[in-house]
Number of protein chains: 2
Amino acid sequence: MAKVTSVKTVDRLVAVLDSFSSEKPAWSLTELSQQLGLPKSTLHRFLTALETHSILRCDPRDKRWRLGYRLLIWGNLAAESSGLRHIARPIMEELVATTRETAILTVYHQQEVVCIEKVETNHPVRMTLQVGTRRFPHAGASSKVLMAYLPEEEVQAIIREKGLPRLCVNTITDPRRLREELARIREQGYAESHEETDLGAWGVATPIFGPDGGVVAAIGVAGPRSRYTEQRAQEFVALCRQAAHRISVLIGAKQGGLE
Amino acid sequence: MAKVTSVKTVDRLVAVLDSFSSEKPAWSLTELSQQLGLPKSTLHRFLTALETHSILRCDPRDKRWRLGYRLLIWGNLAAESSGLRHIARPIMEELVATTRETAILTVYHQQEVVCIEKVETNHPVRMTLQVGTRRFPHAGASSKVLMAYLPEEEVQAIIREKGLPRLCVNTITDPRRLREELARIREQGYAESHEETDLGAWGVATPIFGPDGGVVAAIGVAGPRSRYTEQRAQEFVALCRQAAHRISVLIGAKQGGLE
DNA sequence: GAAGCGGTTCCACATAGTGGAACTCCTCTA
DNA sequence: TAGAGGAGTTCCACTATGTGGAACCGCTTC
């Protein structure tokens with residue numbers, strides 16, 4: 001739901017940029033005007049201002065507007081700004097070398113889970129995704145780990161506002177079952193997922209605790225079901241725990257979250 | 001140099017976000033107020049509006065402002081929006097599998113070169129960088145390839161406004177020598193670089209031509225000098241040419257840029 | 001050749017945003 | 001322990017920014 005602040009132009013900018021998605025990466029002026037309920041002259045002036053700053057770009061051939069590379073630059077700086085990613089990356093690379101699967105670092109952000117770093121295995125059959133990808137918080141090992149440590153009112157807000165849509169054959173869509181699962185995750189300190197978000201995929205993830213004791217990110221490993229064994233799952237959990245602990249210590253958490 | 005448009009609030013947003021860099025990822029209100037020459041009350045209102053939309057975030061412990069994850073989401077969408085990256089990625093993975101070095105996809109953007117995709121080799125000693133990283137256009141194989149195909153007035157503007165700073169032991173800093181180098185690159189259809197941007201690094205890159213005949217990106221391979229041989233360099237050039245051609249064809253260029 | 005539609009520009013008018021002052025809160029020093 | 005100083009926060013009379021309908025241009029289609 002759209003937020004309103006005391007700087008209306010910033011609100012409008014967010015509305016404009018949020019119109020662009022994986023499903024619709026390009027808009028004509030008229031389409032966007034209708035989508036946003038803005039007069040074309042107003043929108044046109046706004047879009048050309050964003051173009052001047054490379055926040056948007058307009059393909060002269062089809063006159064369609066797309067997000068610009070300035071956002072990529074800011075996005076990279078955003079991902080780097082806390083230092084978490086920089087610290088986590090070499091540890092993730094070791095995780096990938098050991099598990100031969102893809103490692104993923106995610107954070108919780110506004111009722112969604114966002115990937116801020118990934119190291120992919122070079123195995124041809126693998127889990128692949130992009131930094132900046134966002135996911136529902138109720139499905140997938142990394143997502144469930146992050147949701148498990150949210151305040152109860154935030155969990156309620158997610159269920160109410162995002163819902164628990166069925167994304168794959170094993171997605172948990174019942175709120176009571178999901179809460180049981182989140183309690184189990186807190187108890188055992190890790191999450192496991194099998195075909196909750198993607199057919200043929202499985203993964204495990206553990207929380208990364210920050211200096212104030214809260215969960216700041218999740219680290220997980222994911223791969224295809226064809227390489228799943230229960231033994232590998234247990235090994236991966238232990239490896240993710242160690243990785244999470246090392247990252248916690250490096251970012252200044254007391255005891256690296258192991259109390 | 002800061003641009004001015006007819007939407008002053010957008011200009012201000014860019015000024016604010018551009019204050020954040022790798023060197024200074026976090027600012028206090030007072031610091032940023034001084035940096036931007038804005039009264040604290042004005043800036044405070046602006047920053048809290050950006051925070052509401054997760055464009056910025058404020059760490060409650062140190063009260064410092066940092067770029068927010070919303071930019072990461074938009075940045076990922078920006079990188080995906082043209083389809084180039086999606087098309088290029090599997091080809092880059094093959095390139096990495098064959099060369100055992102890191103592959104990089106870059107575009108030219110406002111007197112800078114920006115990385116929009118990378119596939120790193122898993123060799124422990126390697127060239128590593130992040131998507132969204134920006135570089136000077138006069139140094140490094142990928143950068144020089146992109147600069148070589150710019151209009152002359154843009155080359156002049158780069159030399160005049162960015163300059164040709166010495167980044168490493170082999171950076172070309174003389175405008176005449178650089179122009180000769182760019183002419184050579186156009187003639188031979190690839191660029192090579194040895195320790196122009198980073199000590200101990202070398203690389204090769206070739207241009208990717210678009211449907212309108214212009215260069216839309218560069219694809220390159222880079223690694224440490226310890227693994228350099230002239231034969232490998234020639235092999236890598238041929239492999240990058242093939243990769244660039246395949247990408248060109250897939251994005252709709254006639255003859256994939258080989259005329 | 002004309003109609004229709006998408007994109008572009010202009011300017012009288014309306015709304016958004018300003019920023020100094022006063023305030024609160026926190027830290028440091030005497 | 002109290003006071004000073006500085007950072008952050010809020011308010012509102014005032015100023016600057018941005019609006020959007022109309023008219024225009026250019027292109028495509030019938």
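Chain A is the first sequence line, chain B the second, and so forth, proteins listed ahead of strands; every chain is numbered from 1.
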Novice: Answer with base, sugar-phosphate or nothing: what part of the nucleic acid does B/T48 contact at a heavy-atom distance below 4.0 Å?
Specialist: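 Answer is nothing: B/T48 stays at 4.0 Å or more from every strand.
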Novice: Under 4.0 Å: is that the gap between some side-chain N or O of A/K63 and OP1 or OP2 of C/dT8?
Specialist: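 Answer is yes, contact under 4.0 Å.
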Novice: Does a donor on one side chain sit under 3.5 Å from an acceptor on the other, for A/T106 and A/R135?
Specialist: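 No, no side-chain donor-acceptor pair sits under 3.5 Å.
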Novice: Could you tell me whether the phosphate oxygens of D/dT17, OP1 or OP2, come under 4.0 Å of any side-chain nitrogen or oxygen in A/T9?
Specialist: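 It does not, given that no N or O in the side chain of A/T9 lies less than 4.0 Å from OP1 or OP2 of D/dT17.
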Novice: Between A/K8 and A/D62, name the one whose nearest nucleotide on DNA chain C is closer to the 5' end.
Specialist: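 Upstream on the strand: A/D62.
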Novice: Could you say whether B/P39 or A/S28 is positioned toward the 5' end of DNA chain C, judged by the nucleotide with the nearest heavy atom to each?
Specialist: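 The residue whose closest nucleotide sits nearer the 5' end is A/S28.
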Novice: Within this structure, what is the CZ-to-P distance between B/F46 and D/dT9, rounded to whole angstrom?
Specialist: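 About 17 Å, once rounded to whole Å.
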Novice: Grab the CG-P distance between A/L36 and D/dT19 for me, whole Å please.
Specialist: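 Taking atom P of D/dT19 as the reference, CG of A/L36 is at 13 Å.
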Novice: Between atom CG in B/L13 and atom P in C/dG17, what is the gap in whole Å?
Specialist: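 Distance, rounded to whole Å: 12 Å.
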Novice: If the cut-off is 4.0 Å, is A/T42 near the phosphate of D/dG18, judged by side-chain N/O to OP1 or OP2?
Specialist: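 It does not, given that no N or O in the side chain of A/T42 lies less than 4.0 Å from OP1 or OP2 of D/dG18.
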Novice: Determine whether B/L164 and B/F136 satisfy the following criterion, side-chain contact (heavy atoms from CB on, under 4.5 Å), listing intermediate values before the conclusion.
Specialist: CA-CA 8 Å; B/L164 307 177; B/F136 277 90; over 6 Å; no
Novice: Going by modelled atom types, is there a donor-acceptor pair between the base of C/dG20 and the side chain of B/S41 at under 3.5 Å?
Specialist: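 Flag set: donor-acceptor pair detected.
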Novice: Starting at CG of A/L43 and ending at C1' of D/dG18, how long is that distance when rounded to a whole Å?
Specialist: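 So the CG-C1' distance, A/L43 to D/dG18, works out to 14 Å.
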Novice: Nearest-Å distance, CZ (B/R64) to P (D/dA7)?
Specialist: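 It is 13 Å, rounded to the nearest whole Å.
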Novice: Evaluate side-chain contact (heavy atoms from CB on, under 4.5 Å) for B/Y149 paired with B/Y108, printing each intermediate quantity in order.
Specialist: CA-CA 10 Å; B/Y149 290 89; B/Y108 178 74; over 6 Å; no
Novice: Identify which nucleotide among C/dG17, C/dT8, C/dG19 has an atom closest to any side-chain atom of A/K40, counting heavy atoms from C-beta outward.
Specialist: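 Among the listed nucleotides, the one closest to the side chain of A/K40 is C/dT8.
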Novice: With a 4.0 Å cutoff (strictly under), does any side-chain N or O of A/H44 reach OP1 or OP2 of C/dG7?
Specialist: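 No, because none of the side-chain N or O atoms of A/H44 sits under 4.0 Å from OP1 or OP2 of C/dG7.
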Novice: Between B/R160 and B/E153, is there a side-chain N and carboxylate O pair less than 4.0 Å apart?
Specialist: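 Answer for the salt bridge query: no.
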Novice: Could you walk me through whether A/E154 and A/Q111 pass the side-chain contact (heavy atoms from CB on, under 4.5 Å) test, one step at a time?
Specialist: CA-CA 8 Å; A/E154 185 71 13; A/Q111 299 192 347; 3.9 Å; yes
Novice: Over how many whole Å does the gap from A/L29 atom CG to D/dG26 atom P extend?
Specialist: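 About 17 Å, once rounded to whole Å.
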Novice: What is the distance, to the nearest angstrom, from the CD atom on A/E51 to the C1' atom on C/dT8?
Specialist: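 Going from A/E51 (CD) to C/dT8 (C1'), I get 13 Å.
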Novice: Would you say a side-chain N or O of B/S6 is under 4.0 Å from OP1 or OP2 of D/dG18?
Specialist: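 Negative; the distance criterion is not met.
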Novice: Atom CZ of A/R12 to atom C1' of D/dG18: distance rounded to whole Å?
Specialist: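 About 8 Å, once rounded to whole Å.
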Novice: Between A/R45 and D/dT19, is there a contact of a side-chain N or O with OP1 or OP2 at under 4.0 Å?
Specialist: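 Result: yes.
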